[in-house]
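All values below come from the heavy atoms of this structure, side chains included, with hydrogens, waters and symmetry mates left out. Worth saying up front: this structure is predicted, and the values here are computed from it rather than measured. By convention here, the first residue in the shown sequence is residue 1.
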Amino acid sequence: MFQSFGQFFKYGNKKIDLPFLYAIFILFGFGVIIMFSASVIPAEREFADPYYYLKKQLVWGGVGILFFLVFIQVPYQILVKFSFPFCLFSILLLISVFIPGVGKSVGTTYGRNFNRWIQIGGFQIQPSEFSKISLLLFLSLFFQTFDPKNIKWTRKTLISIFTISSILILIVIEPAFGTTVEILTVIFFFVIMTGFPMKRILLLSIATLPLLFVLVTQVGYRKKRLEIWLDPYKYRFDEGHQLVTSFRAFFDGGTLGKPIGSGYSHRYLAYSHTDFVLASFVEDFGFLGFSIFLAVVLFLLLRIYSLLQKVKDKLGFYLGTGILLLLAIQFLINLYVVTGLFPVTGISLPFLSYGGSSLITIFILMGILANITKSENLAL
């Protein structure tokens with residue numbers, strides 16, 4: 001029994017790493033149950049159908065799994081080869097969110113309109129989510145040949161920087177600050193991986209602090225979110241209600257949780273099935289359930305990390321590392337937001353939050369990662 005157990009975890013034992021696959025689908029299974037529990041009351045209230053969000057999530061999940069199976073088969077080298085056209089298409093999609101009749105604008109209590117979605121029939125897609133894929137492909141191609149000791153400002157380099165900057169600027173003005181933080185963090189780690197002098201990185205980081213200060217404190221809705229984060233109970237009856245309710249959900253969950261779907265957060269927590277789904281999960285399943293979820297997430301991230309250490313190709317290593325970083329950052333930011341360690345920002349919890357664009361994007365990235373870490377690509 002122990003021998004077969006060891007064989008299961010052995011690297012390269014199968015063409016596609018089975019522990020990696022199991023961890024993905026366990027998280028997705030978690031997600032369906034948790035999202036359904038958190039969405040029953042909002043779905044009944046808004047659509048008179050308690051299964052409304054569940055049915056849509058299962059459809060998106062099915063589409064995501066289909067893409068996952070497709071991208072396992074498509075060599076990542078081919079995807080990277082077409083990364084520039086993918087980026088141009090992403091730019092077009094990101095621009096389209098601002099076009100009346102195509103993009104969907106949502107007003108907020110902060111007095112700011114968010115332009116993040118495109119309406120297609122009865123569905124909405126979020127271009128900033130899909131832009132992560134094209135950017136990761138393009139960034140891996142750019143940085144695998146980047147030499148910090150011999151930077152050549154060629155036409156190709158300038159076009160590459162302009163393309164990356166254009167996508168980032170469009171995401172910022174939507175605004176989608178959480179997505180921007182994700183991408184900038186990946187770029188930061190890529191720069192470190194190329195051997196860029198730490199002294200220069202430190203100086204550049206210090207130089208950007210004034211800009212970051214202005215972006216956070218001088219932009220109305222971000223300034224308000226910062227004030228709420230610093231003292232959520234002061235705003236508990238208006239904008240701070242979401243964060244305070246999340247705190248209560250964590251407290252009420254206790255060790256083993258409350259009867260599923262019966263907690264306070266299910267009735268009163270805004271976005272309980274999207275960005276704050278983790279709060280509803282902890283209320284239902286308690287600290288024990290949260291610990292199991294965290295263990296699966298950590299296992300997935302560590303398994304990916306271990307597999308990437310064995311990838312023979314530099315391009316595959318960079319692309320896989322970018323996907324790993326993006327996944328880890330997204331888990332971390334969402335966890336920090338719902339527990340009040342980070343100001344509220346709209347970023348979904350991978351595999352668990354309701355939302356087609358996010359779920360499909362994650363499955364596509366996992367499919368690319370499965371392709372990169374196929375047994376023939378590993379040095380065993």
Using atom types as modelled, flag every donor-acceptor pair under 3.5 Å from a side chain in residues 86-102 to any protein atom, sequence neighbours excluded.
unit_1	atom_1	unit_2	atom_2	d
Ser90	OG	Phe86	O	3.1
Ser90	OG	Ser134	OG	2.7
Ser96	OG	Leu93	O	2.5

Report yes if the side chains of Leu168 and Ile187 come closer than 4.5 Å at any heavy-atom pair, otherwise no.
-> yes

Taking the side chain as every heavy atom from C-beta outward, state whether Leu278 and Phe293 have any pair of such atoms under 4.5 Å apart.
-> yes

Do Asp313 and Tyr76 have a side chain donor and acceptor closer than 3.5 Å?
-> yes

Donor + acceptor pair across side chains of Asp17, Thr373 (<3.5 Å) | no

Expected list for residues 323-330: side-chain donor-acceptor pairs under 3.5 angstrom, two or more places apart:
unit_1	atom_1	unit_2	atom_2	d
Gln330	OE1	Lys132	NZ	3.3
Gln330	NE2	Ser348	O	3.3
Gln330	NE2	Ser348	OG	3.1

Applying the ring-ring contact (aromatic ring centres under 6.0 Å, His included) test to Tyr354, which of Phe276, Phe36, Tyr53 qualifies?
-> Tyr53

Does Leu269 offer a backbone N or O that forms a donor-acceptor pair with the side chain of Gln242 under 3.5 Å?
-> no

Under 4.5 Å between any side-chain heavy atoms of Ser272 and Ser280, yes or no?
-> yes

Might you work through the ring pair (Phe, Tyr, Trp, His ring centres under 6.0 Å) test for Phe25 and Phe68, ending with a clear yes or no?
-> CA-CA 11 Å; Phe25 286 100; Phe68 173 76; 5.8 Å; yes

So, the side chain of Asn377 versus the backbone of Val311: is there a donor-acceptor pair under 3.5 Å, distance only?
-> no

Check whether any side-chain N or O of Asn334 sits under 3.5 Å from a backbone N or O of Asp275 as a donor-acceptor pair, and report yes or no.
-> yes

State, with a plain yes or no, whether a side-chain heavy atom of Phe71 is found less than 4.5 Å away from one of Leu365.
-> no

With distance as the sole test, does Lys312 use its side chain to make a donor-acceptor pair with the main-chain N or O of Glu376 at under 3.5 Å?
-> yes

Does any pair with a residue in residues 239-268 pass ring pair (Phe, Tyr, Trp, His ring centres under 6.0 Å), and if so which ones, sequence neighbours excluded?
-> Tyr264-Tyr268

Tell me whether the centres of the aromatic rings in Phe47 and Tyr52 are closer together than 6.0 Å.
-> yes

Would you say Glu283's side chain and Ser265's backbone share a donor-acceptor pair under 3.5 angstrom?
-> yes

Looking only at heavy atoms, which two atoms of Asn371 and Gln73 are closest? And how far apart?
-> ND2-C, 4.0 Å

For Pro232 and Leu243 the tightest heavy-atom approach is CB-CD2, 3.9 Å

Here the gap from Ser357 atom OG to Ile362 atom CD1, rounded to the nearest 0.5 Å, amounts to 11.5 Å

Qualifying residues under ring pair (Phe, Tyr, Trp, His ring centres under 6.0 Å), relative to Phe67, sequence neighbours excluded = none

Looking only at heavy atoms, what is the nearest atom pair of Ser37 and Ile260, with distance?
-> OG-CG2, 3.4 Å

Using the test ring pair (Phe, Tyr, Trp, His ring centres under 6.0 Å), find all partners of Tyr22 that sit at least two apart in sequence or belong to another chain.
-> Phe8

Evaluate the side-chain proximity of Thr179 to Glu174: yes if any heavy-atom separation is below 4.5 Å, no if none is.
-> no

Between Phe143 and Tyr318, does the ring centre distance come in under 6.0 Å?
-> no

Could you point out which residue of Leu319, Ile364, Leu308 forms a side chain to side chain contact (heavy atoms under 4.5 Å, CB included) with Leu369?
-> Leu308

How would you list, by chain and number, every residue that makes a ring pair (Phe, Tyr, Trp, His ring centres under 6.0 Å) with Phe28, sequence neighbours excluded?
-> Phe363

Side chains of Thr154 and Thr157: donor-acceptor distance under 3.5 Å anywhere?
-> yes

With a 4.5 Å heavy-atom cut-off, do Phe317 and Gln309 have their side chains touching?
-> yes

Taking C-beta and beyond as the side chain, do Leu378 and Leu307 meet within less than 4.5 Å on heavy atoms?
-> yes

Side chain Arg267, main chain Ser262, donor-acceptor under 3.5 Å = yes

Nearest heavy-atom contact between Tyr11 and Ser306 is OH-CB, 2.9 Å

Do Ile228 and Val344 have side-chain heavy atoms sitting under 4.5 Å apart?
-> no

